[in-house]
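Below is one structure, written out as structure tokens; comments come after it.
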Amino acid sequence: YLSNSSTSNKELFSLPGPKGNVIKQISNSLFAVGYENGKINIFSMIQIVKELTHGTSINDMKISNENKLISTAENSDEIKLWDVNTWNNFMNISLDDVIARKIIVIEEPEYLIVSLNDYKIAVYDLTNNGTLLKFLIGHGDNIKDLEFIQCDYRLLSVSEDYTLKVWNVFDSSTAPI
């Protein structure tokens, strides 16, 4: 349970636990915290609602735009997809010896976009059991963040190679725009 902290004017609640790596809002009332030990706690502002488990440290988590699923990436070569209504792990995607850094879930069409530690961006089709569709190649260093612009289907990526790239994810080419 979250404890009420009456000793600080700034802190409303405290959640004891292992070292936290990432926090994401799931809905108006739910949040997820990914920990270094591979655990993910789903919590409201009052208590832990559910604990999800990975094998290693959590690198990133994303909730789909319609709050239907959450994707979680660990510090190994696996991504897990969870149904937000049941908390069932319904799909695992193996990354073949590379590590996911950042992830995005797109619902129309159902794609998972993943920045990898080999400087590529992988695009997976979630309607076809997580089949790898293509790699977006063009960065020369770690990709720090991804953002998808739903209205015109553009993907933005920013890297430690000092570049911001804009991609058309649904184009058959892999070159940035």
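In what follows, every heavy atom counts, from backbone to side chain, and hydrogens, waters and symmetry copies are set aside. Since the structure is predicted, the reported quantities are computational estimates derived from the model, not experimental observations.
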Given Ile63 and Gln25, is the side-chain contact (heavy atoms from CB on, under 4.5 Å) satisfied, shown in steps?
CA-CA 8 Å; Ile63 186 74; Gln25 184 171 359; over 6 Å; no

One should read off an interatomic distance between Ser157 OG and Leu146 CG, to the nearest 0.5 angstrom, of 6.5 Å

Under the rule for side chain to side chain donor-acceptor pair (under 3.5 Å), what residues qualify as partners of Asp125, not counting sequence neighbours?
Thr127

Just to verify, what does Asp161 make a side chain to side chain donor-acceptor pair (under 3.5 Å) with, not counting sequence neighbours?
His139, Ser159, Thr163

Please identify each residue that fulfils side chain to side chain contact (heavy atoms under 4.5 Å, CB included) with Val105, with sequence neighbours left out.
Ser64, Leu69, Ser71, Leu112, Leu126

Does Leu30 belong to the same Ile/Leu/Val/Met/Phe/Trp/Tyr cluster as Ile58, with side-chain heavy atoms less than 4.5 Å apart forming each link?
yes

With salt bridge (charged side-chain N to carboxylate O under 4.0 Å, His left out) as the rule and sequence neighbours excluded, what pairs involving residues 55-65 come up?
Lys24-Asp60, Asp60-Lys62

Is Leu133 reachable from Ile113 through a run of I, L, V, M, F, W or Y residues, each pair having side-chain heavy atoms under 4.5 Å apart?
yes

List for me each residue that meets side chain to side chain donor-acceptor pair (under 3.5 Å) alongside Lys68, sequence neighbours excluded, and say none if there are none.
Glu66

Within one Ile-Leu-Val-Met-Phe-Trp-Tyr cluster: Leu156 and Val158, side-chain cutoff 4.5 Å
yes

What do you reckon, is CD of Glu147 surrounded by more than 12 foreign heavy atoms closer than 6.0 Å?
no

Side chain to side chain donor-acceptor pair (under 3.5 Å) partners for Asp97, two or more places apart:
none

